[in-house]
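Just below is one structure, and these are the notes that go with it.
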Amino acid sequence: MPQNINHYNNRRLLCTPSKFAQNCLFYTQEIGVLSCPPNNFISYEPQNSFIFIIVLEGNGVLSYREKNYNLKAGCIVWLDCKYGYSYTNNEDFHLLISSIYCNSAPMNELFSFFYQKQGSILIHIKELQPFIEIHNDIERLAEEKKDNFEHHISLKIHELINMMTTFSRETDGISNIVSSISEKNALIKEYIEQNFNLKITLDDLSREFCVSKYYMLRSFKNQYGTTIINYLQSCRIQHAKELLRFSNMPIETISKECGIYDVSYFNKIFRSFEGTTAGQYRKKWKK
């Protein structure tokens, strides 16, 4: 069952992109969740926008450019709104969807590439969670409007487009998405191994690799059997052990060399991994 999207309450958040976002970024114009009751019809006039639709629950029909597309939970639609579209659902089923209206200078060409590759505006995904988490992230960023929020929204839309355009119809989309996630986790792991001496936060990694923070945490643990934070700390402690054994650096300096600038916190982490203090560990190997 898909997670979150604020309990699927009907809502609509309108966004006004800055001139910079309109000229340089992928930007969102509206994001929300819509519940259509049974035996309902909703029509939308043409507008200058593109929309990503995630079908969360129910069944219905999307009419677009004189074609009808059957909608059901797990469907994701990407369409050009300049042609207008409508939803219909029958007497037996409601239809629950999330939507992201967005645009950018290259969006038209990206959409054309997607449509030519897939031969349809609609794909069906067994694992909706990565798409739902992107929706959640974009909505949160648009609501909070913190520093550089438009840039972060642009990265999330780019991530969404990448997931849509790398979808493989032959394997129902699962193979490519799983492969992409596995490869991204491997890159995150390698990045940690090479940069553990720097200050690294989960938000930094999320932005660096254009992935939802919460999905990144879950997928990394599923793949490697440990959390990102635990793996980062283990890399730091492993390096600390080498310096304690083979150098005469003060423990405070070693702590900083490992990316931990509070020596008391360093000792706490070291003890949690090794069951002893850094000083006791050094004495054991210096005998």
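Computed over heavy atoms, backbone and side chain alike; hydrogens, waters and symmetry mates excluded.
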Donor-acceptor contact present, side-chain Asn162 to main-chain His158, <3.5 Å: no

Ile192 with Leu202, same ILVMFWY side-chain cluster at under 4.5 Å: yes

same_hphob_cluster(Leu243, Tyr261) at 4.5 Å side-chain heavy-atom cutoff: no

Glu257 to Asn197 - nearest heavy-atom pair and separation: O-CB, 3.2 Å

Residues Asn40, Leu95; criterion side-chain contact (heavy atoms from CB on, under 4.5 Å); working and verdict: CA-CA 9 Å; Asn40 195 53; Leu95 183 66; over 6 Å; no

Pair Phe270-Thr277, side-chain contact (heavy atoms from CB on, under 4.5 Å): steps then yes or no: CA-CA 6 Å; Phe270 193 94; Thr277 67; 5.8 Å; no

Validation row: Phe266, Ile237 side chains within 4.5 angstrom (heavy atoms): yes

Glu252 atom CD, over 12 foreign heavy atoms within 6.0 Å: no

Atom CZ of Phe41 with >12 non-hydrogen neighbours under 6.0 angstrom: yes

I'd like a table of donor-acceptor pairs (distance under 3.5 Å, sequence neighbours excluded) in which one partner is a side-chain atom from residues 64-76, with atom names and distances.
| from | atom 1 | to | atom 2 | distance (Å) |
| --- | --- | --- | --- | --- |
| Tyr64 | OH | Asp80 | N | 3.2 |
| Tyr64 | OH | Asp80 | O | 3.0 |
| Asn68 | OD1 | Ser63 | OG | 2.7 |

Reported CD1-to-CD1 distance for the pair Ile157 and Ile138, which is rounded to 0.5 angstrom: 5.0 Å

Residue pair Met107 / Ile161: nearest heavy atoms and the distance that separates them: SD-CD1, 3.9 Å

CG-NZ distance between Asp262 and Lys268, expressed to the nearest 0.5 angstrom: 10.0 Å

Pairwise distance NE2(His135) to CG(Leu128) - rounded to 0.5 angstrom: 12.5 Å

Whether Tyr101 and Tyr44 hold their rings parallel, tilted or perpendicular, with breakpoints at 30° and 60°: tilted

Linked, directly or transitively: Val77 and Phe52 (ILVMFWY side chains, under 4.5 Å): yes

Stepwise side-chain contact (heavy atoms from CB on, under 4.5 Å) test for Leu56 and Ser98: CA-CA 7 Å; Leu56 302 166; Ser98 73; 4.2 Å; yes

Ring centers of Tyr224, Tyr231 separated by less than 6.0 Å: no

Test item: Tyr191 and Ile200 side chains (from C-beta on) under 4.5 Å apart, heavy atoms: yes

Smallest separation among heavy atoms of Ser49 and Cys102, with atom names: OG-O, 3.5 Å

Heavy-atom check, side chain of Glu208 versus side chain of Asn195, under 4.5 Å: no

side-chain contact (heavy atoms from CB on, under 4.5 Å) evaluation trace for Leu232 with Arg236: CA-CA 6 Å; Leu232 171 62; Arg236 288 171 168 169; 3.7 Å; yes

Any donor-acceptor pair under 3.5 Å from Ser255 side chain to Ile260 backbone: yes

Greater than 12 external heavy atoms within 6.0 Å of Glu109's CD: no

Any donor-acceptor N/O pair, Asn89 side chain to Pro37 backbone, under 3.5 Å: yes

CD1 on Ile42 to CG on Leu62, rounded to 0.5 Å: 11.5 Å

Any Ile251 side-chain heavy atom under 4.5 Å of Tyr281 side chain: no

Residues in salt bridge (Lys or Arg N to Asp or Glu O under 4.0 Å) contact with Glu144, at least two apart in sequence or another chain: Arg140, Lys146

From Ile121 atom CD1 to Phe50 atom CZ, the distance as rounded to the nearest 0.5 Å: 12.0 Å

Side chain proximity check, Tyr85 to Ile51, heavy atoms < 4.5 angstrom: yes

Hydrophobic cluster membership, Ile153 vs Tyr27, 4.5 Å side-chain cutoff: no

Within 6.0 Å of CG in Asp147, more than 12 heavy atoms from elsewhere: no

Asn185 CG to Phe220 CZ distance, which is reported to the nearest 0.5 Å: 6.5 Å

Closest approach of Thr253 to Met249 (non-hydrogen atoms, all atoms of both residues): CG2-SD, 4.2 Å

Joint cluster assignment, Leu155 & Trp78, ILVMFWY side-chain distance < 4.5 Å: no

Closest heavy-atom pair and its distance - Pro130, Met163: CB-CE, 3.3 Å

Heavy-atom pair with the smallest gap, counting every atom of Lys156 and Ile134: O-CG2, 3.7 Å

Partners passing side chain to side chain donor-acceptor pair (under 3.5 Å) against Glu30 (at least two apart in sequence or in another chain): Arg12

Any side-chain heavy-atom pair of Gln223 and Lys189 under 4.5 Å: no

Pairwise side-chain contact, Leu122 with Ile53, heavy-atom cut-off 4.5 Å (strictly under): no

Listed pairs under 3.5 Å, donor-acceptor, residues 13-26 side chains, sequence neighbours left out:
| from | atom 1 | to | atom 2 | distance (Å) |
| --- | --- | --- | --- | --- |
| Ser18 | OG | Ala21 | N | 3.1 |
| Ser18 | OG | Glu150 | OE1 | 2.6 |
| Ser18 | OG | Glu150 | OE2 | 3.4 |
| Gln22 | NE2 | Pro17 | O | 3.1 |
| Asn23 | ND2 | Lys19 | O | 3.1 |

All pairs passing side chain to side chain donor-acceptor pair (under 3.5 Å) where residues 238-247 contributes a residue, at least two apart: Lys241-Glu274

pair Ile100-Phe131: side-chain heavy atoms closer than 4.5 Å: no

Under the side chain to side chain donor-acceptor pair (under 3.5 Å) test, residues paired with Asn230 that sit two or more places apart: Thr226

